[in-house]
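The structure appears right after this line, and notes come after that.
Every value quoted in this text rests on a predicted model; they were computed, and no experiment measured them. Hydrogens, waters and symmetry mates are skipped; everything else that's a heavy atom, side chains included, is used.
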Amino acid sequence: MRNLSLLLLLLLGCSHLSSVLSWKKDEFRNCNQTPFCKRARNRKPGTCALVAHDVTLLDGELTAKLLPKENYESPDQVHDQDQSKPLILSLSVYQDGIVRLKIDEDPKLDPPKKRFEVPDVILPDFAQKKLWLQKLSKEDDSSVIYLSDGYEAVLRHEPLEVYVREKGGKRRVISLNSHGLFDFEQLKVKKEGEEWEERFRGHTDTRPYGPQSISFDVSFYDADFVYGIPEHASSLALKPTRGPGVEESEPYRLFNLDVFEYIHDSPFGLYGSIPFMISHGKSHGTSGFFWLNSAEMQIDVLGSGWDAESGISLPSSQSRIDTFWMSEAGIVDTFFFVGPGPKDVVSQYTSVTGRPAMPQLFATAYHQCRWNYRDEEDVENVDSKFDEHDIPYDVLWLDIEHTDGKRYFTWDRVLFPHPEEMQRKLAAKGRHMVTIVDPHIKRDDSYFLHKETSQKGYYVKDASGNDFDGWCWPGSSSYPDMLNPEIRSWWGEKFTFENYVGSTPSFLRGLDPQSKRCKAFTLSSFHLFLVVFLYVCLCVDTSSRLIYVVPHLVEVSMPRDALHLGGVEHREVHNAYGYYFHMATSNGLVKRGDGKDRPFVLSRAFFAGSQRYGAVWTGDNTADWDQLRVSVPMILTLGLTGMSFSGADVGGFFGNPEPELLVRWYQIGAYYPFFRAHAHHDTKRREPWLFGERNTELIRDAIHMRYMLLPYFYTLFREANTSGVPVARPLWMEFPSDEVTFRNDEAFMVGNSLLVQGIYTERVKHTSVYLPGKESWYDLKTGAVYKGGMTHKLEVSEESVPAFQKAGTIIPRKDRFRRSSTQMVNDPYTLVIALNSSQKAEGELYVDDGKSFSFEQGAYIHRRFVFSDGKLTSLNVASNAPGRAQFSSECLIERIILLGHSAGPKTALIEPENKNVEIETGPLLLKSKRGSGFITIRKPNVPVAGDWTIKIL
């Protein structure tokens, strides 16, 4: 009876948990409560006793056996299970300056099971970039292999160390195990009396193969700072967690968690995990390190002098930053990226894990979301109010309350009796709808999805082999095993029009696999714990494309000893669990559209490679100024690690923002790669027109700015799609030698042309803005000119956050205001040319159909605009390969603005038409020293896809 009462309390309380709970440190494990982390942190430098022997070249790779030094003389005699068996090391090199190091147990020695290697993350064609090693050089106690682009990889035999250095020199780039902290706990067979179980908050982890953690140190040389390893609500430059003069803190944790109302400035792990770190320094540029491992990970950034008493001697000519990586399970499968520039490293990393997906055009515009819009009348009212207040938007979202009792892929036919008609009304205005579809499946025998999943045996199993039974929004719930490719394919089929009744070709969807503030309840043991919640948001537009919002998990999440395909324990795959949902949904949505159109997939959980399947957002933030501020480094970090399409909930998911905070959030959110307002159902309504006429005007202006810049954003998304370079960038990515930028995460670059400075304090009257570089900058709204390479103290206007265009760049815009991006497709362009001190500028414009995969066959327009010697030239930079698909546009360029041009010219000559057009000469934009001369060429009406020149006479 007591258990029944508890069950009823859970049923009544689940929907209100998020309104009464907030982040509590004691509810989550710290390092001391995590045995593998505690053991690793207690290790001393130099304790690794492994020695490399039998070093040779095999199949184009360097291979070696690793044995403890005491077993080095007689490796063949190592048979006792209590002694370390040999580990197998392989070192391979690839094009573009990439080194891969793998260390695993020897399968010939019959380990209790095969350790988990994360599948489907490394691109299949990456193997083709392998450089087949022909020669192995010996150097003292080391083996050296040549790496392209002037670098060498070195395996030091004793003591064990792997590092990359410049060819023929002593300057190192990255090293592993230079401090002798490497440790590899091998799988065991349990003996009588051994106690392997671990317990946390009432849950017991059986650990059937014993401790299996791995840890090692990684050093980055000539580095001033390190960045990356999302997701944490912390600064862009990672702060030391241990060392002399450092207040010891928790390591940076990588463990996908649903942390409602997370706090800022914390190393605590949030919704996603990407174990990729970048170092940057002024003297020798940038390098990167990636560990392909989906188990829980903890990472220390070590302060200078932490190893002073170790007695280990390292090259003294180079400064370095040391880090310490610890993981609960898996293997060593690591990648070294040599750079040397920041864009090189990001490109190298995404050449391994995949370039970001090219989004549909509408997805780069503004999204309006709330948990939940109540019914069809509410949807229609919100939609009409946007038109009434002349505010554009592209996507309206519904959360989980639209379903029939949290049975996903269904509709509440009382609140939403005509879903098809509701979607068609939005589509008539060029808009789209999103609904949430969660991958946790309600255990209800009358529910078609549960029935089928159960009959097919598709659920994740508990340690006893039964379907894992957790607790979330629908109540008792189970979870499909997405590690299984067969189940991923089956899941994808659920999004077809036939299976998802009520969805239409004008409908978008989304997915989010992670447990969202729901208590889990295991009916078999009656242990209360938090469980993974899979929360999916899908969208389809007029061409049957879908959006998807993916997973995030809660502590304690799905039990670590739960079982996936092939006996893989959940501990081994935890951080990639949502990744496979993301993949399955994205592939399913492509199939739904007969392979013609791109899916748009938004996820809260992510792993390395998630960028191939869609976008992410930073989760359940709060309506306060600190959360606004931390959104910027969080988004920048995501971009550095491949996740270019990211954003934060504008206004904050929890709480009620004051009007000034909401306006400021819109003003900076308009420059996020993913621009969406979202709110919890317990918050006050906060649509843009609810805060008075002046605030409505300010929010409208911010959203209009985004729509005006859509051509520029879309061009940047294409750059990310081809190179991996993110849309939103740290200042140092564009100014890698400017030390002032290295810790600046209050400002950011949008592409190479725009610098945006946020306002993070209420009622502030002035702010300081550092503008890097030698060239000038032009205020985006007024055209006022500011000198580069210095900090400017500026008056703060309520009308916008400070934003500047870099001299020497050209930005394409669309200046006509429409209801949605769909209605802007045929509108003309404006080019804004910001001249530098040499009276030169360059920029690009990318255009395709905004929805299909035809661009992959060459159906796009890609132009480079160059202004030099008083002449603007349009150049084709698209591929001209035979058989290239064609794409055309009737759009014209109707206006050209030249900032920083002295007054004087009256006309311009357009070639090859041999046509003269008039020039309008502008006065100084401001009555101050910061005023900038400008001229405007009106109605040149040259084709956006054409080859032409415009010469100022």
Side-chain angles (χ1 to χ4, degrees), residues 342-343 346 364 632 635-636 639 644 668 670-673 675 705-723 725-736 738 741 744 747-758 769-789 800-815 829-847 862-868 872-875 877 893 895-901 932 934 944:
K343 293 181 182 179
V346 173
T364 67
V632 171
I635 289 167
L636 294 178
S644 183
I668 199 167
Y671 297 99
Y672 292 163
F675 182 26
M705 176 62 78
R706 174 53 165 250
Y707 277 81
M708 186 167 63
L709 291 172
L710 280 180
Y712 179 62
F713 271 91
Y714 198 64
T715 300
L716 294 175
F717 277 110
R718 176 56 171 165
E719 182 182 359
N721 174 246
T722 56
S723 70
V725 176
V727 174
R729 308 168 185 176
L731 301 186
W732 54 263
M733 180 166 272
E734 292 297 328
F735 302 92
D738 190 337
T741 68
N744 188 333
F748 60 98
M749 297 294 297
V750 179
N752 71 340
S753 303
L754 291 183
L755 183 148
V756 180
Q757 169 72 49
V769 181
Y770 178 71
L771 298 176
K774 297 178 180 179
E775 293 290 347
S776 297
W777 296 80
Y778 297 88
D779 185 283
L780 200 60
K781 284 214 162 189
T782 68
V785 62
Y786 294 85
K787 188 176 180 181
S800 63
V801 294
F804 305 87
Q805 182 174 349
K806 184 175 70 174
T809 64
I810 300 176
I811 289 179
R813 301 189 324 208
K814 285 195 174 184
D815 292 353
Y829 290 85
T830 294
L831 297 182
V832 181
I833 303 173
L835 297 176
N836 62 16
S837 57
S838 302
Q839 294 285 286
K840 294 181 179 180
E842 290 190 14
E844 295 189 3
L845 172 65
Y846 174 84
V847 186
H862 192 181
R863 310 298 300 184
R864 176 174 294 126
F865 304 112
V866 178
F867 187 90
S868 180
L872 176 64
T873 305
S874 174
L875 303 169
V877 290
I893 295 174
R895 186 164 59 148
I896 298 170
I897 301 171
L898 284 94
L899 298 173
H901 196 287
S932 168
F934 77 99
V944 71

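W732 places no side-chain N or O within donor-acceptor distance of the main-chain N or O of N744, the cut-off being under 3.5 Å. In terms of modelled atom types and a separation under 3.5 Å, the side chain of R718 and the main chain of L845 share no donor-acceptor contact. In terms of modelled atom types and a separation under 3.5 Å, the side chain of T782 and the main chain of A784 share a donor-acceptor contact.
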Step-by-step side-chain contact (heavy atoms from CB on, under 4.5 Å) determination, E734 to L755: CA-CA 10 Å; E734 292 297 328; L755 183 148; over 6 Å; no
Does the pair Y671 and V801 meet the rule for a side-chain contact (heavy atoms from CB on, under 4.5 Å), with working shown? CA-CA 10 Å; Y671 297 99; V801 294; 4.3 Å; yes
Evaluate N752 against E844 for side-chain contact (heavy atoms from CB on, under 4.5 Å), listing each step before the verdict. CA-CA 11 Å; N752 71 340; E844 295 189 3; over 6 Å; no
For a side-chain contact (heavy atoms from CB on, under 4.5 Å) check, start with the C-alpha distance between I897 and R813, then their side-chain angles and the critical distance, and finish with the verdict. CA-CA 11 Å; I897 301 171; R813 301 189 324 208; 4.2 Å; yes
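Using cut-offs of 30° and 60° for the angle between ring planes, the Y714 and Y846 rings count as tilted.
The two residues F735 and G773 make their nearest non-hydrogen contact at CE2-CA, 3.8 Å. Residues V727 and S644 approach most closely at N-OG, 3.0 Å, considering heavy atoms. Nearest heavy atoms, F717 versus P673: CZ-O, 3.6 Å. Of all heavy-atom pairs between K787 and S776, the closest is CA-OG, 4.4 Å. Nearest heavy atom pair, residue A841 against residue L835, reads CB-CD2, 4.3 Å. Nearest heavy-atom pair across G758 and I668 is CA-CD1, 3.5 Å.
Using a 4.5 Å heavy-atom threshold, the side chains of L898 and L872 count as separate. With contacts defined as side-chain heavy-atom distances shorter than 4.5 Å, the pair M733/V725 qualifies. Residues V832 and Y778 fail the side-chain proximity criterion, which asks for heavy atoms closer than 4.5 Å.
Rounding to the nearest 0.5 angstrom, the gap separating the CG atom in L899 from the CD atom in Q805 is 6.5 Å. Between L875 atom CG and H862 atom NE2 the span is 11.0 Å, to the nearest 0.5 Å. Rounded to the nearest 0.5 angstrom, F804 CZ and S753 OG are separated by 15.0 Å. Rounded to the nearest 0.5 Å, atoms CG (L636) and CE (M749) are 11.5 Å apart. In this structure, Y786 OH and L771 CG are separated by 9.0 Å, a value rounded to the nearest 0.5 Å. With values rounded to the nearest 0.5 angstrom, F713 atom CZ is found 11.0 Å from M708 atom CE.
Under the side-chain contact (heavy atoms from CB on, under 4.5 Å) test applied with P812, the options V847, L831, I893 reduce to a single match, L831.
Taking a cutoff of 4.0 Å between a charged side-chain nitrogen and a carboxylate oxygen, E775 and K806 do not qualify as a salt bridge.
Judged by the 6.0 Å distance and 45° axis criteria, K814 is positioned over the aromatic ring of Y829.
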